[in-house]
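Taking it in order: structure first as structure tokens, then the write-up.
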Amino acid sequence: IKTLPQKIKYLEAGVAWGYYSELVAETTNPELVHLVDFFRSDSRCWSWRDLGECKCYPVKHELVFTPETHAEYIKDKFKNYNAEIFKGDARIILPTLTTKYDYIYLDTLNDRLSIRPLLYSAADLVDVGSIIGLNDYVLYDGVIGDCQYFTSNVVNEFLKDNKNWYVDGLALHQLGFYDIYIKKIGESNG
């Protein structure tokens, strides 16, 4: 986030608590913030849901919003930024957007049928020099859901087929839930 320029146009799909977007907004003083989510969850983390209490560190989650108040919570959290929320499925919403973003962060479902169209829609919403970040660049989740993730497969396929993109960065996580950041370096595939 510290490498991003100031006054960016930023979009996140899969907002949850808004922690990541808040860091981006505080760091970049964005020109605009677009947040896409179903906005129908509560603020309990995975450990709280599975184990009955939040085991997260250093953040300890509290029940600050419910499924009914999720959207309002996020609106209030980003009231000091030029933020707009889009409630619904990012796979349907992103293809309708016309803004060109400097940075897009995707943190949604991790199955191939979800992430693939989302990545291609996001790629249409950026210009040369822009970055797309993707959460959960991992093959398998043996910690939370005991399931296969397809983000890494989709990103690798995308990069193979789109030579005008390259890996700009990789953020490591102690449990293996990495983020990957890809940057558009040209207009055409070649």
Side-chain angles (χ1 to χ4, degrees), residues 1 9-24 33-50 65 67 70-71 73-74 78 83-126 130-162 164-173 175-184 189:
I1 295 172
K9 293 178 182 172
Y10 170 68
L11 176 137
E12 180 176 2
V15 177
W17 302 280
Y19 293 151
Y20 187 82
S21 286
E22 188 174 36
L23 290 173
V24 171
V33 175
H34 286 171
L35 304 172
V36 181
D37 199 297
F38 286 106
F39 296 108
R40 61 180 183 203
S41 61
D42 61 39
S43 55
R44 293 181 299 155
C45 63
W46 69 270
S47 64
W48 192 351
R49 292 174 202 275
D50 290 349
F65 62 85
H70 188 185
Y73 173 81
I74 295 297
F78 290 91
E84 184 175 354
I85 69 164
F86 297 84
K87 190 173 184 178
D89 189 329
R91 293 171 296 178
I92 295 168
I93 293 170
L94 263 63
T96 70
L97 300 175
T98 58
T99 300
K100 290 292 187 177
Y101 300 93
D102 302 299
Y103 180 43
I104 296 176
Y105 187 70
L106 304 177
D107 186 6
T108 62
L109 298 172
N110 298 299
D111 63 280
R112 185 181 298 275
L113 294 177
S114 295
I115 197 65
R116 192 166 210 263
L118 198 55
L119 175 54
Y120 278 85
S121 291
D124 289 338
L125 295 173
V126 299
S130 297
I131 295 172
I132 298 175
L134 296 101
N135 183 255
D136 295 332
Y137 185 75
V138 60
L139 293 174
Y140 184 78
D141 170 9
V143 178
I144 299 171
D146 195 28
C147 61
Q148 187 173 3
Y149 279 32
F150 289 95
T151 304
S152 61
N153 301 93
V154 170
V155 171
N156 294 348
E157 291 168 2
F158 178 85
L159 291 171
K160 180 180 91 42
D161 294 339
N162 295 277
N164 58 326
W165 288 82
Y166 74 94
V167 175
D168 191 54
L170 186 66
L172 304 179
H173 184 273
L175 297 177
F177 294 96
Y178 307 140
D179 281 2
I180 190 165
Y181 303 90
I182 59 176
K183 188 171 193 172
K184 186 174 184 180
N189 294 334

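Residue numbers run from 1 in the order of the sequence given. Values below: all heavy atoms of this structure, side chains included; hydrogens, waters and symmetry mates excluded. This structure is a prediction, so every number in the text was calculated from the model and none was measured.
- With hydrogens and angles ignored, the 3.5 Å screen pairs no side-chain donor or acceptor of H70 with any backbone N or O of S43.
- Here Y120 pairs with F158 under the ring-ring contact (aromatic ring centres under 6.0 Å, His included) rule; sequence neighbours left out.
- Here the straight-line distance linking atom CD1 of I104 with atom OG of S130 works out to 7.5 Å at 0.5 Å rounding.
- The nearest pair of heavy atoms linking P95 to A90 is CD-O, 4.0 Å.
- When every heavy atom of K184 is checked against every heavy atom of A123, the shortest pair comes out as NZ-O, 4.3 Å.
- When I132, V24, V126 are each tested for a side chain to side chain contact (heavy atoms under 4.5 Å, CB included) with Y103, only one passes: V24.
- Between R44 and D42, the shortest heavy-atom contact is N-OD1, 2.9 Å.
- Shown here are the side-chain hydrogen bond (donor to acceptor under 3.5 Å, both in side chains) partners of S21, two or more places apart in sequence or in another chain: Y10, E12.
- The CD1 atom of I182 sits 8.0 Å away from the CG atom of N162 when rounded to the nearest 0.5 Å.
- Nearest heavy atom pair, residue D124 against residue K100, reads O-NZ, 2.8 Å.
- Counting only heavy atoms from C-beta outward, the side chains of I74 and F39 approach each other to under 4.5 Å.
- Side-chain atoms of D37 come within 3.5 Å of backbone atoms of V15 as a donor-acceptor pair (strictly under, hydrogens ignored).
- In terms of heavy atoms, S121 sits closest to L94 at CB-CB, 3.9 Å.
- Atom CD1 of I115 sits about 5.0 Å away from atom CG of L134, to the nearest 0.5 Å.
- Side-chain atoms of F78 and E22, non-hydrogen and from C-beta on, do get closer than 4.5 Å to each other.
- Between T99 and L11, every side-chain heavy-atom pair lies at or beyond the 4.5 Å cut-off.
- Between the OG1 atom in T108 and the CZ atom in F38 there is a gap of 9.0 Å [rounded to 0.5 Å].
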### Query
Run the side chain to side chain contact (heavy atoms under 4.5 Å, CB included) check on Y178 and S152 step by step: do they pass?
CA-CA 10 Å; Y178 307 140; S152 61; over 6 Å; no
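- For D179, the side-chain hydrogen bond (donor to acceptor under 3.5 Å, both in side chains) partners at least two apart in sequence or on another chain are Y105, N135, Y181.
- In terms of heavy-atom proximity, L106 sits nearest to A122 at CD1-CB, 4.2 Å.
- L159 CG to D161 CG: the interatomic distance, rounded to the nearest 0.5 Å, is 9.5 Å.
- Considering CG of L97 and CD of E84, their distance stands at 8.5 Å, rounded to 0.5 Å.
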